[in-house]
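What's counted below: heavy atoms across the whole structure, side chains too, no hydrogens, waters or symmetry copies. What you see is a predicted model; the values in this text were computed from it and never measured. Counting begins at 1 with the first residue of the sequence. Whatever order the structure lists ligands and atoms in, that order sets their numbers, starting from 1.
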Amino acid sequence: MEFNIKSGSPEKQRVACVIVGVYETRKLTLAADLLDRISNGFIGDVLRRGDMEGKLGSTLILHSVPHALCDRVMLVGLGKERDFRAKEYREAIRASIKALTQTSANEAVSYLSELPVKKHDVEWMVEQAAVVTLDALYRFDRFKTRNEDVVREPRKLTLAVPRRSDLADGEKGLLRGLAISHGMKLAKDLGNLPGNICTPDYLATQARELAAAFASDVEILGQDEIAALGMESFLAVARGSVEAPRFIVLRHWGGKNREERPVVLVGKGITFDSGGISLKPGEGMGEMKFDMCGAASVLGAFRAAVEMKLPLNLVVVVPSCENMPAGNAVKPGDIVKSMSGQTIEILNTDAEGRLILCDALTYVERFNPAVVVDVATLTGACVVALGHVATGLFSNQDALARDLVAAGEEVGDRAWHMPVWDEYQEMLKSPSADMANIGGRPAGSITAACFLSRFAKNFDWAHLDIAGTAWKSGKDMGATGRPVPLLVQYLQDRADIALGNVVRRGRPRREAPETAEDDAD
Ligand code: BES
Ligand code: MN
Ligand code: ZN
């Protein structure tokens with residue numbers, strides 16, 4: 001789909017569909033009002049008949065609106081004007097795109113992007129409109145040989161900005177939105193691919209292609225190199241599978257120089273998690289192809305960051321393997337020595353994510369990182385705690401946790417700060433090794449984070465447990481692309497701070513929105 005930015009009046013758009021908002025109860029937005037006036041009250045009449053009350057997410061398509069130059073007008077319900085915030089804005093955009101795909105309109109001009117949304121500027125409005133639109137249009141159908149429910153994708157969407165002087169900001173927002181969307185698409189595609197295709201080596205190939213396309217550095221370590229590094233914990237997980245493990249390192253040099261300390265992102269890349277000898281129940285096991293969504297999201301964030309040419313040094317690290325049962329697989333009770341030298345008693349082979357991540361965390365010390373963020377579908381317990389709404393966030397630095405929460409808030413990809421207190425560390429005690437890899441049933445997502453924290457002592461570290469947010473189950477099963485938006489926003493914020501950009505309310509902000517006032521045409 002092609003995007004455009006434009007400022008101009010809705011009644012003058014010669015296009016298949018013009019999209020305008022209507023607040024509850026039937027209050028017209030600026031664009032809807034202009035159409036109402038030129039049509040001698042046509043829109044108002046329709047609303048008075050009662051088919052559309054402005055409920056958030058409702059839509060109504062009108063044909064033949066008098067004197068308007070477009071073929072159709074889509075009214076989109078925005079809910080109550082005083083409750084209209086970022087979340088409502090995204091919902092309205094999503095509803096308008098879903099409704100648009102139900103029509104045969106190939107092109108549309110949307111005036112939702114010029115609505116006032118508190119605390120957000122033109123750049124953000126356009127960025128979010130592009131992200132939500134492409135998210136709503138995403139389909140994973142490469143294995144469908146027949147087209148079942150044909151959904152048309154409109155060819156072109158023009159996003160309106162209030163004034164001509166906003167065009168440049170709109171274009172900037174669009175580029176950001178597209179970069180984020182490309183990262184999310186990569187994350188979704190990788191997540192949705194089945195385990196027989198998306199193997200550790202497949203992920204490595206994807207990383208190589210990313211590096212080639214964006215002139216970045218890539219290094220792929222195989223079994224022998226991983227063994228030479230002393231990653232016994234990682235290799236214990238990989239051992240039961242016929243798929244060879246891969247350790248992927250991607251580097252983007254956008255900082256002032258090569259000495260600038262990088263942001264390091266680490267993603268859990270279990271391409272299938274059967275549980276190993278501690279085998280999972282059969283029901284729903286197919287969903288464990290999504291156990292590499294952490295890897296997919298850091299690769300997606302990398303893609304977005306290089307496309308945006310973010311001015312910072314970035315390292316992405318992915319330990320990847322399958323977790324399978326086999327005669328030679330690691331067994332409950334086995335003890336391994338991690339790369340850090342600490343020994344681990346593997347009491348449950350299904351708690352494998354932390355076993356591959358701990359060695360990756362030790363490995364990244366060599367980069368002298370400014371900060372390390374790992375992303376993992378780590379625990380079912382996190383889904384119990386936070387459901388599918390918030391990502392679980394853990395950190396050894398409260399300030400870092402705050403920045404990540406704020407980044408997620410900014411883009412509607414929320415995370416919730418959870419504790420990593422010493423009291424919980426007790427639960428990882430092992431009679432025979434330095435620690436066990438499980439902490440018992442209570443506080444499962446916290447003890448998992450506590451385990452990781454023991455390998456993150458030498459740098460500022462945060463851990464994102466995305467077990468509940470990386471994919472949807474049920475009839476809409478599929479990867480969500482989260483937390484790519486959060487990660488990219490966090491990276492952008494860091495870059496902004498480094499560049500000395502405007503910082504307000506403790507975090508950087510792009511330029512403040514100007515107050516509404518219309519441009520002639
Ligand atoms: N990949 C799973 C976590 C998971 C489970 C994500 C369900 C999404 C939905 C992870 O490897 C795992 O199996 N964790 C165990 C840990 C337990 C054995 C301590 C879990 O959550 O049950
Ligand atoms: Mn597991
Ligand atoms: Zn797992």
Tell me which pairs pass ring-ring contact (aromatic ring centres under 6.0 Å, His included) where either residue lies in residues 372-417, with sequence neighbours left out. Phe394-His463
Is any side-chain heavy atom of Trp471 closer than 4.5 Å to a side-chain heavy atom of Glu287? yes
Nearest protein heavy atom with distance in Å, relative to atom 16 (C) of ligand 1: Arg354 NH2, 3.9 Å
Check each atom of ligand 1 against the heavy atoms of Glu352 and keep those under 4.0 Å away; list them by number with element. 11 (O)
Identify, for atom 15 (C) of ligand 1, the protein heavy atom at the shortest distance, and state residue, atom and that distance. Asp350 O, 3.9 Å
So does Asp291 have any N/O/S atom less than 2.8 Å away from the Mn ion (ligand 2)? no
When rounded to the nearest 0.5 angstrom, what is the spacing between CG in Asp422 and OG in Ser453? 8.5 Å
With a cut-off of 2.8 Å, how many protein N, O or S atoms neighbour the Zn ion (ligand 3)? 4
Counting each atom of ligand 1 from 1 as listed, which ones have a heavy atom of Ile438 under 4.0 Å away? 19 (C)
Is any heavy atom of the protein nearer than 4.0 Å to atom 22 (O) of ligand 1? no
Considering heavy atoms of the protein only, find what lies nearest to atom 6 (C) of ligand 1 and give residue, atom and distance to 0.1 Å. Ala467 CB, 3.6 Å
What residue and atom, counting heavy atoms only, is the protein's closest point to atom 8 (C) of ligand 1, and at what distance? Trp471 CH2, 3.3 Å
Using a 6.0 Å distance limit plus a 45 degree cone around the ring axis, check whether Lys188 lies over the aromatic ring of Tyr138. yes
Is it true that, when you exclude Arg414 itself, more than 12 heavy atoms of the residues, nucleotides or ligands shown sit nearer than 6.0 Å to its CZ? no
Which N, O or S atom of Asp273 lies nearest to the Mn ion (ligand 2), by name: OD2
Identify the protein heavy atom lying closest to atom 1 (N) of ligand 1, giving its residue, its atom name and the separation to 0.1 Å. Asp291 OD1, 2.8 Å
Heavy atoms only: give me the nearest Leu299-Ala207 pair and the separation to one decimal. CD2-CB, 4.4 Å
Give yes or no for whether the N/O distance cutoff of 3.5 Å, strictly under, is met between Asn348 and ligand 1. no
Which option wins on minimum heavy-atom distance to atom 9 (C) of ligand 1: Lys280, Glu287, Met288? Met288
Nearest 0.5 Å please: distance from the CG atom of Asp434 over to the OG atom of Ser338. 8.0 Å
For Phe214 and Phe302, I'd like to know if the aromatic rings sit close, meaning centre-to-centre distance below 6.0 Å. no
Check the orientation of Tyr89 and Trp124. Use parallel for under 30°, tilted for 30 to 60°, and perpendicular for over 60°. tilted
What are the atoms of ligand 1, with element, lying closer than 4.0 Å to any heavy atom of Lys268? 1 (N), 10 (C), 11 (O)
Reported CG-to-CD1 distance for the pair Asp374 and Ile356, which is rounded to 0.5 angstrom: 10.5 Å
For a salt bridge (charged side-chain N to carboxylate O under 4.0 Å, His left out) check, start with the C-alpha distance between Glu232 and Lys337, then their side-chain angles and the critical distance, and finish with the verdict. CA-CA 6 Å; Glu232 224 179 83; Lys337 187 176 220 141; over 6 Å; no
Kindly give the heavy-atom pair with the smallest separation between Tyr424 and Cys450, and that separation in Å. CB-SG, 3.7 Å
Residue portion contacting ligand 1 (non-hydrogen atoms closer than 4.0 Å) for Leu378: backbone
Give the name of the N/O/S atom in Glu352 that lies closest to the Mn ion (ligand 2). OE1
If the test is side-chain hydrogen bond (donor to acceptor under 3.5 Å, both in side chains), which one of Thr349, Asp273, Thr271, Asp291 qualifies with Asn323? Asp273
How long is the span from the CG atom in Asp460 to the OG atom in Ser395, to the nearest 0.5 Å? 7.0 Å
I need the nearest protein heavy-atom contact for atom 2 (C) of ligand 1: residue, atom name and distance, please. Asp273 OD2, 3.6 Å
Closest non-hydrogen protein atom to atom 20 (C) of ligand 1, residue and atom name please, with distance? Gly380 N, 3.8 Å
